[in-house]
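One structure is given here, and the rest of the page talks about it.
Atoms considered below: every heavy atom in the structure, side chains included; atoms not considered: hydrogens, waters and symmetry mates.
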Amino acid sequence: IPPGATVTFRWVDATPTNSAGMAIDDFSLTLYPAYTGYFRSRSSGDWNDPASWEVSSNGLTWSPATAVVPSGLAAGITIGENHTITVSGNVTGNQITVLPGGKLLWSAGTFTIADAPGEDLVLQGEGSEWEVATNAVPTLLGAASVRIGQGALLKLSGTSQLLAYHGNAYTYANGSVCEYNYAAAPFISGTFFSGQDAGAIPIFRYNSPVTTSLGSSGPTVVDGGVEIMPGRTFNLNGVGGSLVMRNGLTGDGHVSSVN
């Protein structure tokens, strides 16, 4: 079967007496083979659309991808400046780099990050963005890890699972930003920025319209700074345990707390 070919299956299930049975007619499946070379974005588009990508066997000479899309077997996956690659279906990748000015948008489906040497998803620096617009967390295989580089942005616009993005598999650099702007209350009892570079001051940016009381009986510890955007209220009156904001508060929004 040539790469990219469309294959049609017809299955008829008859009974031993050749009476009527269940049948599935004209089921089509388009096959994309796994490619073990390098990918880089060709333009903005969907992850599962070959037109979004260029491929290379050596990382030096590139050509348009015609029948392949990135998988967990790729040698490297790069999203370039001014390109937005959208994950809207089930996807597996590794060694993903989002360059400054590039964006990875996860809007639907499952997102699995495979384990390879080094960090497996890197937001490289200023203007590099990963937006999570679906109420989910990625599956990290093995020791897979995520790095939010200096000046990079992890934006949670579709998930309330805030602290799931602050475990030890996530490393935040100095000046990196985790922004919460989802219109549902997040769970905040726990530790923000558990993984970070030595001496780093990452920023938690609250940009949600939610003004209801947040927190529970447990502690809330932000191992970094907190920025509250204009017109927003970060209501911490529900925090019954200790409340720590290691590097203080900034921004033109409001904070409400009895602690």
- Leu140 vs Asp120, side chain to side chain contact (heavy atoms under 4.5 Å, CB included): CA-CA, chis, key distance, verdict: CA-CA 9 Å; Leu140 304 181; Asp120 301 290; over 6 Å; no

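- Residue Leu104 comes nearest to Val98 through the heavy atom pair CB-CG2, 4.2 Å, listed as atom of the first residue, atom of the second, then distance.
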- Go through the steps for Ser256 and Asn237 under the test side chain to side chain contact (heavy atoms under 4.5 Å, CB included), then give the verdict. CA-CA 6 Å; Ser256 177; Asn237 287 316; 2.8 Å; yes

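- When all heavy atoms of Leu162 and Cys178 are compared, the closest pair comes out as CD1-SG, 4.1 Å.
- Contact of the Asn94 side chain with the Leu121 side chain is not registered, since no non-hydrogen atoms from C-beta on lie closer than 4.5 Å.
- Follow the hydrophobic side-chain contacts under 4.5 Å out from Leu99 and you never reach Val177; the two are in separate clusters.
- In this structure, Phe193 and Val222 approach most closely via the heavy-atom pair CE1-CG1, 4.1 Å.
- Considering only residues two or more places apart in sequence or on other chains, Asp252 meets the side-chain hydrogen bond (donor to acceptor under 3.5 Å, both in side chains) condition with none of them.
- Tyr170 pairs by the ring-ring contact (aromatic ring centres under 6.0 Å, His included) definition with Tyr165, not counting sequence neighbours.
- Remark: Arg40 pairs with Glu54 by the salt bridge (Lys or Arg N to Asp or Glu O under 4.0 Å) rule, at least two apart or across chains.
- In terms of heavy-atom proximity, Ile188 sits nearest to Leu163 at C-CD1, 3.8 Å.
- Counting heavy atoms from C-beta outward, His166 and Pro202 have side chains that stay 4.5 Å or more apart.
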- Query: Could you walk me through whether Ser71 and Thr92 pass the side chain to side chain contact (heavy atoms under 4.5 Å, CB included) check?
  - Reply: CA-CA 5 Å; Ser71 73; Thr92 299; 5.6 Å; no

Donor-acceptor pairs under 3.5 angstrom involving side-chain atoms of residues 142-152: please list them, not counting sequence neighbours.
residue	atom	partner	partner atom	Å
Arg147	NH1	Asp197	OD1	3.1
Arg147	NH1	Asp197	OD2	3.4
Arg147	NH2	Asp197	OD2	2.6

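- Of the candidates Ser63, Pro64, Pro70, Val55 forms a side chain to side chain contact (heavy atoms under 4.5 Å, CB included) with just one, namely Ser63.
- Judged by distance alone, the side chains of Ser208 and Asn181 never bring a donor and an acceptor atom under 3.5 Å apart.
- Heavy atoms only, all atoms of each residue included: Gln95 and Pro117 are closest at OE1-O, 4.4 Å.
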- Report the C-alpha distance between Trp53 and Ile77 in whole Å, list the side-chain angles of each, state the deciding distance to 0.1 Å, and finish with yes or no for side chain to side chain contact (heavy atoms under 4.5 Å, CB included). CA-CA 9 Å; Trp53 302 101; Ile77 304 165; 3.7 Å; yes

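- Val137 and Leu105 fall into different hydrophobic clusters, where Ile, Leu, Val, Met, Phe, Trp and Tyr residues are linked whenever their side-chain heavy atoms come under 4.5 Å apart, directly or through other members.
- By the side-chain contact (heavy atoms from CB on, under 4.5 Å) test, Leu141 is found to be paired with Thr112, Ala114, Thr139, residues two or more places apart in sequence or in another chain being considered.
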Using a 3.5 Å cut-off and no angle test, enumerate the donor-acceptor pairs between side-chain atoms of residues 210-218 and protein atoms at least two apart in sequence or in another chain.
residue	atom	partner	partner atom	Å
Ser213	OG	Gly238	N	2.8
Ser216	OG	Ser189	OG	2.5

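- Side-chain atoms of Asn58 and Ser56 include a donor-acceptor pair closer than 3.5 Å.
- Through direct or indirect side-chain contacts shorter than 4.5 Å among Ile, Leu, Val, Met, Phe, Trp and Tyr, Val244 is connected to Val221.
- In terms of heavy atoms, Glu126 sits closest to Pro100 at O-CB, 3.1 Å.
- In terms of hydrophobic clustering, with Ile, Leu, Val, Met, Phe, Trp and Tyr side chains grouped at heavy-atom distances under 4.5 Å, Leu153 and Phe111 are assigned to different clusters.
- Checked against salt bridge (Lys or Arg N to Asp or Glu O under 4.0 Å), Glu179 has the following partners two or more places apart in sequence or in another chain: Arg205.
- Phe234 meets the ring-ring contact (aromatic ring centres under 6.0 Å, His included) test with Phe204, Tyr206; sequence neighbours excluded.
- Atom CG in Asn207 sits 11.5 Å away from atom CG in Leu156 (nearest 0.5 Å).
- In the hydrophobic clustering of this structure, Val226 does not group with Met229; members are Ile, Leu, Val, Met, Phe, Trp, Tyr whose side-chain heavy atoms approach within less than 4.5 Å, directly or through other members.
- A donor-acceptor pair shorter than 3.5 Å can be found between the side chains of Glu131 and Ser157.
- Between the OG1 atom in Thr97 and the CD1 atom in Ile79 there is a gap of 9.0 Å [rounded to 0.5 Å].
- Taking hydrophobic clusters as Ile, Leu, Val, Met, Phe, Trp and Tyr residues chained together by side-chain heavy-atom distances below 4.5 Å, Ile201 does not share a cluster with Met245.
- The aromatic rings of Trp106 and Trp130 lie parallel to each other, their planes meeting at an angle below 30°, with 60° marking the opposite boundary.
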Donor-acceptor pairs under 3.5 angstrom involving side-chain atoms of residues 83-91: please list them, not counting sequence neighbours.
residue	atom	partner	partner atom	Å
His83	ND1	Ser41	OG	2.7
Ser88	OG	Asp46	OD2	2.4
Asn90	OD1	Thr110	N	3.0
Asn90	OD1	Thr110	OG1	3.1

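- With sequence neighbours excluded, the residues that form a side-chain hydrogen bond (donor to acceptor under 3.5 Å, both in side chains) with Thr159 are Asn135.
- Cluster partners of Trp62 are Tyr38, counting Ile, Leu, Val, Met, Phe, Trp and Tyr whose side-chain heavy atoms approach within less than 4.5 Å, directly or via other members.
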